[in-house]
Asks: 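Dropping the structure in here first, questions after.
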There are 2 protein chains.
Amino acid sequence: MAHQVTIKDIAKILGISASTVSRALKDHPDISPKTKRMVQAFAQKVNYRPNALALNLRRSKTNTIGIIIPEIVHHFFSSVISGIEKVAYAAGYNVMICQSNEDYNREVIDAQALLDNRVDGVLMSLSKTTFDHDHIRNLIDHGIPVVFFDRAPNEIEADKVFIDDFMGAKIATHHLIATGCRNILHLAAPSHLLIGQRRRDGYIKALEENGIQFNPDFIIKCDTRDDVFANAGKILQLANQIDGIFTVNDSTAIATMQVLMKNGIRIPEHISVIGFGDGPNANICYPPLSTVEQKGTEIGKEATQLLLNQIENTEDIYKPTTKTITPVLRIRESTLM
Amino acid sequence: MAHQVTIKDIAKILGISASTVSRALKDHPDISPKTKRMVQAFAQKVNYRPNALALNLRRSKTNTIGIIIPEIVHHFFSSVISGIEKVAYAAGYNVMICQSNEDYNREVIDAQALLDNRVDGVLMSLSKTTFDHDHIRNLIDHGIPVVFFDRAPNEIEADKVFIDDFMGAKIATHHLIATGCRNILHLAAPSHLLIGQRRRDGYIKALEENGIQFNPDFIIKCDTRDDVFANAGKILQLANQIDGIFTVNDSTAIATMQVLMKNGIRIPEHISVIGFGDGPNANICYPPLSTVEQKGTEIGKEATQLLLNQIENTEDIYKPTTKTITPVLRIRESTLM
DNA sequence: ATGAAAGCGCTAACAT
DNA sequence: ATGTTAGCGCTTTCAT
């Protein structure tokens with residue numbers, strides 16, 4: 001097992017001091033060209049690599065970004081990670097990932113572990129069970145910048161990156177209207193959830209902007225596959241009054257299409273259906289689902305960029321920004337052209 | 001911004017030496033109960049936390065596991081990460097994730113970065129463009145244990161964890177036969193890919209074990225959604241000679257069902273279909289797909305366990321193991337009961 | 001142009 | 001029972 005060669009090793013072998021080696025390696029002007037060449041050539045030969053642990057301790061800087069995420073196995077979140085990873089890597093940072101599993105206690109421990117390891121910054125999305133934010137304040141108090149994505153606490157001033165749910169819902173509904181729909185059903189998430197509320201508002205706004213009277217009967221709380229089956233009767237009963245459906249997420253849209261088609265309703269000829277999310281199954285279902293792309297990768301990239309700005313601008317006092325990413329329409333075959 | 005309190009700080013305030021503080025904090029028997037109480041109480045009060053950077057350097061041990069994975073946004077791989085994360089966390093380790101993006105050069109850089117950071121071990125799955133393994137040997141030469149999952153090099157002796165593709169295919173085919181199928185089509189991956197070959201062999205073996213004559217016409221190279229559409233004619237032509245289809249992955253199965261149903265063939269009444277993978281869409285498609293679960297989480301857990309064994313058993317020479325995870329059948333509605 | 005020494009925070013011989 | 005010292009690998013003043 002090969003021992004990692006250190007600056008001291010090089011110094012001893014070359015018969016010079018460690019400080020000279022250190023300087024030579026980083027091209028310090030004081031060092032004579034001859035010494036530099038010698039040291040650099042030798043270092044190369046023995047495959048010298050600085051010990052990151054020692055550097056970290058010395059500089060109190062790790063070039064590592066911490067991530068706290070509710071769950072990794074989820075298309076949206078894994079896309080975010082992927083985006084983070086890309087930008088972080090390009091800037092010379094590593095990523096340390098913690099999964100809270102939607103558990104507040106775990107999130108607290110994760111935050112502490114990242115602090116203990118002196119990560120240079122933290123990107124996080126709150127767990128569903130997090131209502132207290134002392135662990136986050138603790139990070140910030142210790143000078144660790146935090147940027148939130150997707151799920152952020154109102155109580156904390158920090159950079160935040162969101163998808164624009166309102167706009168996404170509006171765009172989706174506009175698309176239905178533009179392709180001729182006039183009576184549009186919305187399958188919604190409960191309105192105590194922010195996304196439920198925002199997407200619902202976007203839907204209503206789009207109707208309004210097109211001079212379509214909003215009909216409260218055309219909103220059903222129904223945001224999971226099972227919900228759709230439970231509400232199948234209600235949906236089918238409305239089927240002959242409507243010509244479009246906007247659902248709060250893709251899996252609801254897909255289940256809805258299945259229920260409708262099973263009952264002889266053709267999509268999009270009789271009813272157009274549009275979802276929200278653009279996960280992998282939007283392409284695989286039948287018919288391929290028109291939907292709104294949630295842009296996880298871009299959210300991850302943006303959040304990381306904001307974090308790096310903060311990490312590298314240590315100078316002045318930082319004014320928190322909130323960035324809103326506008327989702328884009330993915331038109332497939334479940335809506336008319 | 002709160003300065004992190006150090007052992008030295010505590011020592012100074014309490015008027016004792018740093019070593020006494022250090023010992024008191026870890027309940028060293030030499031320290032008097034009185035001093036211990038004093039130190040521990042004070043440490044608690046000021047929320048003392050050991051600096052992981054200093055510990056890492058001192059012990060040349062980071063309690064961090066490195067992961068190199070081809071891509072994060074992929075159900076199988078993200079499940080593996082999730083499994084890794086669980087076991088690692090329970091054992092007090094953090095995870096550092098690198099995404100090779102199926103790029104050999106990136107993989108080399110990632111390996112080096114993990115080495116520089118002195119991770120205690122590495123879990124990896126090779127990128128598709130990796131044919132040289134010096135970067136991996138480099139890790140091992142420097143005493144960093146490496147465990148592979150899913151994609152491993154034959155040339156390297158190391159722990160490896162795989163899903164048993166052969167067995168999975170056999171189980172799937174057996175299930176079709178057990179539910180009455182006799183003429184089973186296999187939509188296969190190219191046989192130069194290991195999984196293509198192994199799954200194909202499992203299919204043939206199952207036929208054999210049931211005394212069913214293997215018909216070479218009943219294997220079509222077809223392993224993507226687009227492939228299915230391209231081969232739709234061929235598949236439909238065989239439709240009246242067959243009663244079951246085993247596909248090499250789920251998306252192929254789903255596309256096949258769509259083609260068949262569009263042509264009036266009922267599933268599973270006319271033809272049963274079974275896939276391989278059990279990604280999120282197996283539940284969402286219509287009809288819900290019977291398939292073979294690839295057990296990503298379990299693979300991640302097993303691999304991590306093997307790695308931890310190696311990290312912690314530094315004593316004797318290590319004899320590499322290969323672990324094969326047997327996949328399990330997920331029976332849904334695309335096959336008969 | 002180079003070297004010696006101190007220090008980042010912690011621990012573990014080695015004193016006493 | 002406690003303190004002193006040295007050292008993990010590196011950088012950086014401060015000499016020379």
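Chain A is the first sequence line, chain B the second, and so forth, proteins listed ahead of strands; every chain is numbered from 1. These numbers were taken from a predicted model, which means no experiment stands behind them.
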Asks: Given dG3(D), dC10(D), dG9(C), which nucleotide is nearest the side-chain atoms of Leu57(A)?
Replies: dG9(C)
Asks: Which nucleotide wins on minimum distance to the side chain of Ile7(A), given the candidates dC10(C), dC14(D), dT11(D)?
Replies: dT11(D)
Asks: Less than 4.5 Å apart, side chain to side chain, heavy atoms only: is that true for Ile72(B) and Ile97(B)?
Replies: yes
Asks: Regarding Leu53(A), tell me which of base, sugar-phosphate or nothing describes its non-hydrogen contacts under 4.0 Å with the strands shown.
Replies: nothing
Asks: Looking across every strand, which nucleic acid part, if any, lies under 4.0 Å from Ser19(B) by heavy atom: base, sugar-phosphate, or nothing?
Replies: base
Asks: Counting side-chain heavy atoms from CB outward, which of dC14(D), dT11(D), dA1(C) is closest to Ser32(A)?
Replies: dA1(C)
Asks: I need the NE2-P distance between His28(A) and dT12(D), as an integer number of Å.
Replies: 9 Å
Asks: State whether Lys34(B) places a side-chain N or O below 4.0 Å from either non-bridging phosphate oxygen (OP1 or OP2) of dA1(D).
Replies: no
Asks: Starting the side chain at C-beta, find the nucleotide from dG9(C), dG3(D), dC10(D) nearest to Ile16(B).
Replies: dG3(D)
Asks: Return the value, rounded to whole Å, for the distance between atom CZ of Arg37(A) and atom P of dA1(C).
Replies: 13 Å
Asks: Atom NE2 of His3(A) to atom C1' of dC8(D): distance rounded to whole Å?
Replies: 12 Å
Asks: May I ask you to evaluate whether Tyr48(B) reaches the phosphate of dG9(C), defined as a side-chain N or O under 4.0 Å from OP1 or OP2?
Replies: no
Asks: Please confirm whether the shortest side-chain N or O distance from Ser17(B) to OP1 or OP2 of dT2(D) is below 4.0 Å.
Replies: no
Asks: When you get a sec, tell me which of dC10(D), dC8(D), dG9(C) is the closest nucleotide to the side chain of Asn51(B)?
Replies: dG9(C)
Asks: If the threshold is 4.0 Å, N to carboxylate O, is there a salt bridge linking Glu85(B) and Arg106(A)?
Replies: yes
Asks: Between Glu71(B) and Lys128(B), is there a salt bridge with N-O shorter than 4.0 Å?
Replies: no
Asks: State whether Lys61(A) and Asp120(A) are salt-bridged, where the test is any N-O pair (Lys NZ or Arg NE/NH1/NH2 against Asp/Glu carboxylate O) under 4.0 Å.
Replies: yes
Asks: How many Å lie between CG on Asn117(A) and P on dC10(C), as a whole number?
Replies: 13 Å
Asks: Output the rounded distance in Å from NZ (Lys8(A)) to P (dT11(D)).
Replies: 14 Å
Asks: In whole Å, what is the span from the CG atom of Leu55(A) to the C1' atom of dG9(C)?
Replies: 16 Å
Asks: Just checking Asp30(A): base, sugar-phosphate only, or nothing, at a heavy-atom cut-off of under 4.0 Å?
Replies: base
Asks: Once you round it to whole Å, what is the distance between P of dG9(C) and CG of Asp9(B)?
Replies: 8 Å
Asks: When rounded to the nearest 0.5 angstrom, what distance separates CG in Asn51(A) from OG in Ser60(B)?
Replies: 7.0 Å
Asks: At under 4.0 Å, does any side-chain N or O of Lys26(B) touch on OP1 or OP2 of dT11(C)?
Replies: yes
Asks: So if I take every side-chain heavy atom of Thr35(A) and compare against dT2(C), dT11(D), dC10(C), which nucleotide ends up nearest?
Replies: dT2(C)
Asks: Look at the side-chain N and O atoms of Thr20(B) and state whether any lies under 4.0 Å from the OP1 or OP2 oxygen of dG3(D).
Replies: yes
Asks: Checking all strands, does Arg59(A) fall into the base, sugar-phosphate, or nothing category for heavy-atom contacts under 4.0 angstrom?
Replies: nothing
Asks: Under 4.0 Å between a side-chain nitrogen and a carboxylate oxygen: does that hold for Arg137(B) and Asp134(B)?
Replies: yes
Asks: Whole angstrom is fine here: how far is it from CZ in Arg58(B) over to C1' in dC8(C)?
Replies: 14 Å
Asks: Let me spell it out: for each of Gly15(B) and Arg23(A), pick the nucleotide of DNA chain D with the closest heavy atom. Which residue's pick is nearer the 5' end?
Replies: Gly15(B)
Asks: So what does Ser60(B) hit on the nucleic acid, given a heavy-atom distance under 4.0 Å: a base, only sugar-phosphate, or nothing?
Replies: nothing
